[in-house]
Amino acid sequence: MDDAPLPFALAAYEDRAALARALAAHVAQALLARTARDGAASLAVSGGRTPALFLETLSAAPLDWGRISVTLVDERWVPETSDRSNAALVRAHLLKGAAAAARFVPLFTGAPTPEAGLAAAEERVGGLPHPFAAVVLGMGDDGHTASFFPGAEGLEAAIDPAAPALLAAIRAEAAGEPRITFTLPELLAADTLLLHIEGKVKREVLEAASRPGPQGQMPIRAVLRHARRPLDVLWCP
């Protein structure tokens, strides 16, 4: 049984625009369902280069944005003035027009290190509606997702499916800056959990990760292995 491939459900789209529309529709549906049920909802999105078009598309969704909180799956430990800031990406591409009414909760606190800022960041995100209505993950060519980097300092605690903390500090050579990330159980608890990848290489990486192997070598395996149902993957060439 341990040698069985890890399951995921792949939906393929012809191009980035079609994928962005589909992903935005999935997220909007999850946010609508949660706000209808609870009166408020939260969303965690990823940074990097891939999600900009999706964020632009989602910003135009006809949602009651004043009842929605937005945060990040993970963040580089840099201020928003840095072009490496995921928070700056979200402000530029999502929090505009009607979506500017959403409450944004960044992870960077201004402390000198993520370890020093961890308690304050946990206090911030602890006030979000939990669990998330939707979480949108990305994935790197090395099989990392969130800030779960192969061989990272702090990785084992961050991907522990029983981790008690909301957030973890991560340090890895491949990550560049020190980072802060939501822990695995917080991401897996989302009503809707989605993986957004683009290009032939990332599809091959995901297929490799679905085969048996150590989680620490390809941390996306931790998501595939412990997700409550097969992970929904949206992909385009």
Asker: Side-chain heavy atoms nearer than 4.5 Å, only ILVMFWY residues, links allowed to pass through others: does that put Val90 and Val78 together?
Answerer: no

Asker: Which heavy atom in Glu80 sits nearest to a heavy atom in Ala88, and how many Å separate them?
Answerer: O-CB, 3.5 Å

Asker: Which atom pair, heavy atoms only, marks the closest approach of Leu72 to Ala44?
Answerer: C-CB, 4.3 Å

Asker: Would you give the length of the straight line joining atom CG of Leu95 to atom NE2 of His93, rounded to the nearest 0.5 angstrom?
Answerer: 11.0 Å

Asker: Of all heavy-atom pairs between Ala28 and Leu58, which one has the smallest distance, and what is that distance?
Answerer: N-CD1, 4.3 Å

Asker: So, for Ser59 and Lys96, which heavy atoms are closest and what is the spacing to 0.1 Å?
Answerer: OG-CE, 4.0 Å

Asker: Evaluate whether atom CD of Glu123 has more than 12 neighbouring non-hydrogen atoms of other residues, nucleotides or ligands under 6.0 angstrom away.
Answerer: no

Asker: Can you tell which of Leu118, Val125, Asp74 makes a side chain to side chain contact (heavy atoms under 4.5 Å, CB included) with Ile180?
Answerer: Leu118

Asker: How about Glu207: does its CD atom have over 12 heavy atoms from other parts shown lying under 6.0 Å from it?
Answerer: yes

Asker: Rounded to the nearest 0.5 Å, how far does CD of Glu75 lie from CZ of Arg84?
Answerer: 10.0 Å

Asker: For a 4.5 angstrom cut-off between non-hydrogen side-chain atoms, does Arg203 reach Leu10?
Answerer: yes

Asker: Could you go through Leu224 and Leu206, starting from their C-alpha distance and side-chain angles, then the distance that decides it, and tell me whether this counts as side chain to side chain contact (heavy atoms under 4.5 Å, CB included)?
Answerer: CA-CA 10 Å; Leu224 295 172; Leu206 181 65; 4.2 Å; yes

Asker: Do Glu204 and Lys200 make a side-chain contact, defined as non-hydrogen atoms from C-beta onward lying under 4.5 Å apart?
Answerer: yes

Asker: I want to check something: taking the side chain as every heavy atom from C-beta on, are Tyr13 and Leu23 in contact at a cut-off of under 4.5 Å?
Answerer: no

Asker: From His26 NE2 over to Gln29 CD, what is the distance, rounded to the nearest 0.5 angstrom?
Answerer: 7.5 Å

Asker: For the pair Arg76 and Ser85, evaluate side chain to side chain contact (heavy atoms under 4.5 Å, CB included) and give the outcome as yes or no after the intermediate values.
Answerer: CA-CA 6 Å; Arg76 302 174 176 102; Ser85 168; over 6 Å; no

Asker: How long is the span from the CZ atom in Arg221 to the CD1 atom in Ile159, to the nearest 0.5 Å?
Answerer: 11.0 Å

Asker: Hey, does Ile68 have a side-chain heavy atom less than 4.5 Å from the side chain of Asp64?
Answerer: no

Asker: Please walk me through it: do Thr145 and Leu187 pass side chain to side chain contact (heavy atoms under 4.5 Å, CB included)?
Answerer: CA-CA 11 Å; Thr145 190; Leu187 302 175; over 6 Å; no

Asker: Only distances under 3.5 Å count here; give the side-chain donor-acceptor pairs of residues 160-171 to other protein atoms, sequence neighbours excluded, each with its distance to 0.1 Å.
Answerer:
{"unit_1": "Asp160", "atom_1": "OD1", "unit_2": "Ala162", "atom_2": "N", "d": "2.8"}
{"unit_1": "Arg171", "atom_1": "NE", "unit_2": "Glu115", "atom_2": "OE2", "d": "2.9"}
{"unit_1": "Arg171", "atom_1": "NH2", "unit_2": "Glu115", "atom_2": "OE1", "d": "3.0"}

Asker: Identify whether Leu43 and Leu53 are in the same connected component of the hydrophobic contact network (ILVMFWY, side-chain heavy atoms under 4.5 Å).
Answerer: no

Asker: What pair of heavy atoms forms the shortest contact from Ser147 to Thr181, and how long is it?
Answerer: N-OG1, 3.4 Å

Asker: Do the side chains of Pro150 and Met218 get nearer than 4.5 Å, heavy atoms only?
Answerer: no

Asker: More than 12 non-hydrogen atoms from neighbouring residues, nucleotides or ligands closer than 6.0 Å to CZ on Arg228, yes or no?
Answerer: yes

Asker: Could you give the distance from CZ (Arg49) to CD (Glu198), rounded to the nearest 0.5 Å?
Answerer: 10.5 Å

Asker: What pairs of donor and acceptor atoms, side-chain ones from residues 98-114 against any protein atom, are under 3.5 angstrom apart with sequence neighbours left out?
Answerer:
{"unit_1": "Thr109", "atom_1": "OG1", "unit_2": "Ala111", "atom_2": "N", "d": "3.3"}
{"unit_1": "Thr113", "atom_1": "OG1", "unit_2": "Ala116", "atom_2": "N", "d": "3.0"}

Asker: Just say parallel, tilted or perpendicular for the rings of Phe54 and His196, cut-offs at 30° and 60°.
Answerer: perpendicular

Asker: May I ask whether Ile197 and Phe149 are part of the same hydrophobic cluster, defined by side-chain heavy atoms of I, L, V, M, F, W, Y residues being less than 4.5 angstrom apart, directly or through others?
Answerer: no

Asker: How about Asp232 and Leu193: do any of their side-chain heavy atoms sit closer than 4.5 Å?
Answerer: no

Asker: Looking only at heavy atoms, which two atoms of Gly47 and Leu89 are closest? And how far apart?
Answerer: CA-CD2, 3.8 Å

Asker: Can you check whether Val27 reaches Thr192 side chain to side chain, under 4.5 Å on heavy atoms?
Answerer: no

Asker: Kindly compute the distance separating OG (Ser42) from CZ (Arg67), expressed to the nearest 0.5 Å.
Answerer: 13.5 Å

Asker: When you look at Glu156 and Gln215, which way does the side chain to side chain contact (heavy atoms under 4.5 Å, CB included) test go after all the steps?
Answerer: CA-CA 9 Å; Glu156 186 175 347; Gln215 290 182 165; over 6 Å; no

Asker: Are side-chain heavy atoms of Leu137 and Val223 found at a separation under 4.5 Å?
Answerer: yes

Asker: Donor-acceptor pair, Arg34 side chain versus Pro131 backbone, under 3.5 Å?
Answerer: yes

